[in-house]
Amino acid sequence: MTPSGRRSTPDGGLTRRDFLAGSGALFLSGCLGAKRKRIEGEIVADARAHGHLLRGPLPTTPSRTVEVPVVVAGAGIAGLSAAWRLRRAGVEDFLVLELESSAGGNARWGSNAVTEFPWAAHYVPLPTRESVAVRELFRELGIIVGTDARGEPEYEERYLCAAPQERLFEFGRWHDGLYPSAAADAEDLAQLRRFRERMAEFRGKFAIPVERSSRGLLELDALTMRRWLDREGFTSPRLRWYVDYACRDDYGCTIDTTSAWAGIHYYASRPEDEEVVTWPAGIGWIARRLAAPLGRRLVTGALVARADGEGVDYLDTRTRERVRVRAKRVILALPRFVVQRVFPRTADGFTYAPWVVANVTVDRVPEGRGAPPCWDNVLRDGDSLGYVVATHQSLRTRPGPSVLTWYLPCTGDPASERAALVARPWEYWRDRVIADLRPAHPDIEERASRIDVMLLGHAMIRPVPGFVWGKSRAEAAARVGNVHFAHSDLSGLSLFEEAQYHGVRAAEEVLRAMGVRCPSLLG
Amino acid sequence: MKHALLVSVFVLATCGLVYELIAGAAASYLLGDSVTQFSTIIGAYLFSMGIGSWLSRYVGRGLIARFIQIEILVGVVGGLSSTILFVAFGQLPAFRLILYAVVALIGIGVGMEIPLLLRILKDQLQFKDLVAQVLSLDYVGALAASILFPIWLVPHLGLIRTSFLFGIANIGVALWTTWLFREHLPAARFFRVQGAAALVLLAAGFAGSAAISDFAEEGLYADEIIFFRTTAYQKIVVTREADDVRLYLNGHLQFSSRDEYRYHEALVHPGLAAVADPGRVLVLGGGDGLAVREILKDPRVREVRLVDLDPEMTRIFRDHASLSQLNGGALRSPKLRVTNADAFLWLEEAGDRYDFVVVDFPDPTNYSLSKLYTTSFYRRLARRLAEGGIAVIQSTSPLFARKSFWCIAETVRAAGLQAAPYHVYVPSFGEWGFVLASREAYRPPERFPEGLRFVSAATSRSFFEFPPDMAPVPVEANRLNHQVLVQYYDSEWKTINP
């Protein structure tokens with residue numbers, strides 16, 4: 001008797017439903033409307049609604065005053081990290097103010113009956129040697145569980161992004177990996193190889209945090225990534241797509257708007273076989289753990305109206321009461337465009353890419369033709385970055401419902417992109433998401449029951465040429481009297497590690513000013 | 001009469017295109033690669049229509065009679081086409097040959113229709129009107145079919161009933177024609193009887209389409225199906241041929257009752273008998289109860305916990321007479337507690353420790369299943385092993401999937417446990433392998449329970465010897481973030497079962 005691969009696939013064969021969905025594309029793509037089922041959803045409210053409070057008539061004098069030694073404005077990763085650093089030094093007396101109803105900022109997350117899911121950042125690459133404070137945090141949170149024989153950290157396997165990690169949809173099917181290797185010719189592959197060699201040469205000179213990078217290659221910050229690719233003779237359209245994808249993914253910019261220094265940083269600051277940690281809630285998992293011990297010290301629904309060297313005024317968005325927080329030290333862990341309003345400083349050169357994030361609730365993870373569903377599922381055509389599967393880290397073995405987090409960086413002129421975002425109704429985004437996913441998943445409309453959308457008007461600082469190593473960024477990080485600043489935009493790169501770096505740095509500035517003696521966690 | 005015939009043109013055109021779509025859709029469904037299937041089916045069909053058109057010149061006298069006969073033939077073949085294809089796929093070896101024969105036969109018939117109709121109508125219309133009207137209706141009929149097919153026919157009727165329905169329409173045209181030309185048709189009665197017989201056949205097919213689906217399904221299995229159920233998790237099929245009962249999950253053989261004792265004795269006893277006091281035993285997977293049957297042969301076992309995902313599976317192997325006979329009623333044992341849960345999640349939660357654990361999962365054919373063969377899984381398993389406890393893991397075939405087998409052993413070691421790999425011969429599967437995992441080095445037992453047919457103290461020692469063609473190969477451990485096992489398994493079984 002011939003062996004038959006005993007106990008094989010539980011996914012079984014094609015069902016009639018799958019068949020309909022699959023070959024349907026061939027002749028009924030236009031007719032799907034006829035049996036469209038109702039997909040629910042909404043545009044999830046974000047800070048815009050509160051932000052507009054600032055423009056309306058407001059109480060101009062505080063109705064009460066609280067006093068603390070330190071106040072942190074902003075409970076994104078930077079603010080939470082500042083609080084974490086203060087607590088590690090034994091400073092427990094502080095307040096953290098957050099406009100939203102929960103902490104998180106760009107690490108915010110949501111949840112429904114199926115799973116938790118990210119609303120913004122969803123992973124952190126394994127921290128390099130230079131990311132001292134990140135490694136320290138990861139040890140505390142049980143993400144790093146030990147040290148191996150070579151002295152490298154050992155990670156909790158459950159948090160490492162499970163296989164299979166990435167696939168790319170091109171030519172009607174899914175392929176393994178992110179580089180568009182299908183139909184790549186010898187020249188494409190030669191250029192890819194050469195590109196990787198170039199990046200390997202740069203490795204060691206680019207670091208996370210940015211601050212730890214070598215200052216020898218700063219002229220690259222004057223070029224766009226496209227200029228650099230031209231200059232180096234990287235003409236392969238596949239390679240250019242791959243690099244452009246990286247810029248859109250990490251910076252919300254294209255190769256035409258990303259500085260070459262930042263574009264190269266993406267590849268050269270981490271090892272080539274980079275791994276990441278991720279959770280269903282994205283890095284909301286970390287944010288939640290940083291926020292949990294704060295208890296009542298975290299004040300949500302607090303719109304910071306004004307800051308100065310003696311404290312912060314905030315508006316309680318629930319009671320519309322104005323509260324004065326008198327503090328010896330102030331950490332503004334806010335993006336520069338907000339700092340500009342509450343503590344009049346210039347924000348020249350700080351530009352932000354808007355993003356749209358949609359969370360699509362599905363009755364099961366769509367498969368599509370070719371490579372099996374991965375954590376990150378990227379589409380070669382179109383402007384979106386594809387989607388991430390929120391349940392990917394689940395240990396469950398059978399297919400089940402999930403949430404797909406779909407990302408769209410708006411890479412055009414930020415102001416006009418923002419205006420366009422606000423003008424569009426939910427139905428527009430629903431149709432856009434469906435149209436984007438349908439080529440890869442003709443059954444997406446059948447699978448999806450909800451599409452919730454969040455419009456992030458200022459999602460990411462844009463590392464346009466001249467910004468990362470320009471004057472205004474360097475100046476913006478410097479404290480002004482008792483006011484300290486912390487945000488990833490002070491690095492020019494919207495990364496978890498940078499946000500954490502600035503949070504810890506600002507907290508250590510405060511600790512020194514308060515005379516608390518402790519060794520720096522920044523290495 | 002002219003209008004009546006033009007209506008027939010429309011109906012025939014719709015039928016003709018539906019047959020073509022059915023053949024294309026069935027071929028895509030059964031063979032995959034819909035672009036290739038549709039292209040070749042359309043090509044073959046159009047070419048056959050060309051042959052039919054050319055052959056129409058040989059029809060001389062008795063034009064109407066030939067036309068009616070062709071309609072009946074096309075109606076019968078077209079009506080039966082999807083049934084023929086589905087059944088042939090399961091039952092007959094030369095599926096593609098049959099597929100193209102059916103396509104050619106229908107194509108030739110349909111190709112003859114229009115030339116014959118043109119000739120029948122030629123005296124009633126001017127040539128330019130004749131061609132214009134007949135051909136335009138032909139194309140409009142095709143449009144109707146191509147829209148109806150995906151939107152309404154396939155979703156609501158399915159392929160089998162759709163083809164019967166259009167076969168009936170085709171026969172309807174034939175019968176109608178006998179009535180239209182009743183004065184010119186000497187043998188009208190003869191044709192009506194033929195048509196009526198065909199109509200009855202197709203109508204019966206339409207009514208019995210559910211049974212046909214089942215039969216077509218059955219064709220995918222060699223033997224008589226004695227149990228069939230689709231659960232939330234899988235399709236369970238049990239077949240019987242003489243005294244051989246076989247269980248298939250999603251079409252994959254799980255055991256044959258002729259030799260499953262070899263598999264299950266070898267799975268359970270080398271490990272179980274080596275545990276000093278195996279009071280508490282855990283079985284992960286194995287909802288068929290056959291491993292539990294073996295475990296209960298050891299009188300030292302006081303309680304058994306069975307964790308299987310599918311409640312239907314454990315239920316039918318407890319309650320279905322001929323299935324519970326296979327496991328000797330093991331699932332009704334008072335020592336047994338059944339939990340229906342996903343094993344990994346379950347292992348993560350509860351806290352009891354076990355002296356002996358049987359890990360009997362499907363082979364790691366995909367990433368979901370391969371999670372159950374990772375260092376993470378074995379670390380959690382290790383936490384559930386009591387002191388001196390042993391776990392045994394079904395580990396696919398060391399002969400056909402040598403790297404996969406040794407990868408599982410390596411993964412057990414990487415999780416900090418000792419691994420003792422062994423193998424046995426099970427005729428239905430071939431050489432099959434297992435890995436014992438424990439904290440202390442494994443020592444083969446001297447004694448086994450009474451009444452075993454395969455495992456004994458003497459033979460079990462040879463299980464642990466690997467001939468050169470199954471000897472260890474260098475492999476990596478399987479981790480959640482690097483699931484090398486899926487790749488090993490995929491490449492190895494592909495070379496055997498392309």
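Only this structure's heavy atoms are used, side chains among them; waters, hydrogens and symmetry mates stay out. Everything quoted here is computed from the prediction, not taken from an experiment. Just so it is clear: chains get the letters A, B, ... in the order the sequence lines come, proteins before strands, and each one is counted from 1.
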Highest number of heavy-atom pairs under 4.5 Å with chain A: which of Thr396(B), Leu372(B), Leu309(B)? Leu309(B)
With a 3.5 Å distance limit and no angle check, can you tell me whether Lys371(B) reaches the backbone of Ala162(A) through a side-chain donor-acceptor pair? no
Is any residue of residues 269-278 of chain A within less than 4.5 Å of chain B by heavy atoms, and which ones? Glu275(A)
Using a 6.0 Å cut-off, check whether atom CD of Glu156(A) has over 12 heavy atoms from anything other than its own residue. yes
Between Pro372(A) and chain B, with a heavy-atom cut-off of 4.5 Å, which part of the residue counts as in contact: side chain, backbone, both or neither? side chain
With rounding to the nearest 0.5 Å, note down the distance linking CG in Leu395(A) to CG in Leu480(B). 6.5 Å
Residue part contacting chain A, namely of Asn481(B), when any heavy atom lies under 4.5 Å: both
Contact winner vs chain B - Cys161(A), Gly172(A), Ala163(A), heavy-atom pairs under 4.5 Å: Ala163(A)
What verdict does the salt bridge (Lys or Arg N to Asp or Glu O under 4.0 Å) test give for Glu348(B) and Arg158(A), after you've listed the backbone C-alpha separation in whole Å, the side-chain angles of each residue and the deciding distance to 0.1 Å? CA-CA 11 Å; Glu348(B) 182 103 332; Arg158(A) 236 177 338 163; 2.7 Å; yes
Around atom CZ of Arg139(A), are there more than 12 heavy atoms from other residues, nucleotides or ligands closer than 6.0 Å? yes
Tell me, do Leu345(B) and Thr397(A) make a side-chain contact under 4.5 Å, heavy atoms counted? no
Residues Arg380(B) and Glu157(A) bridged, charged N to O under 4.0 Å: no
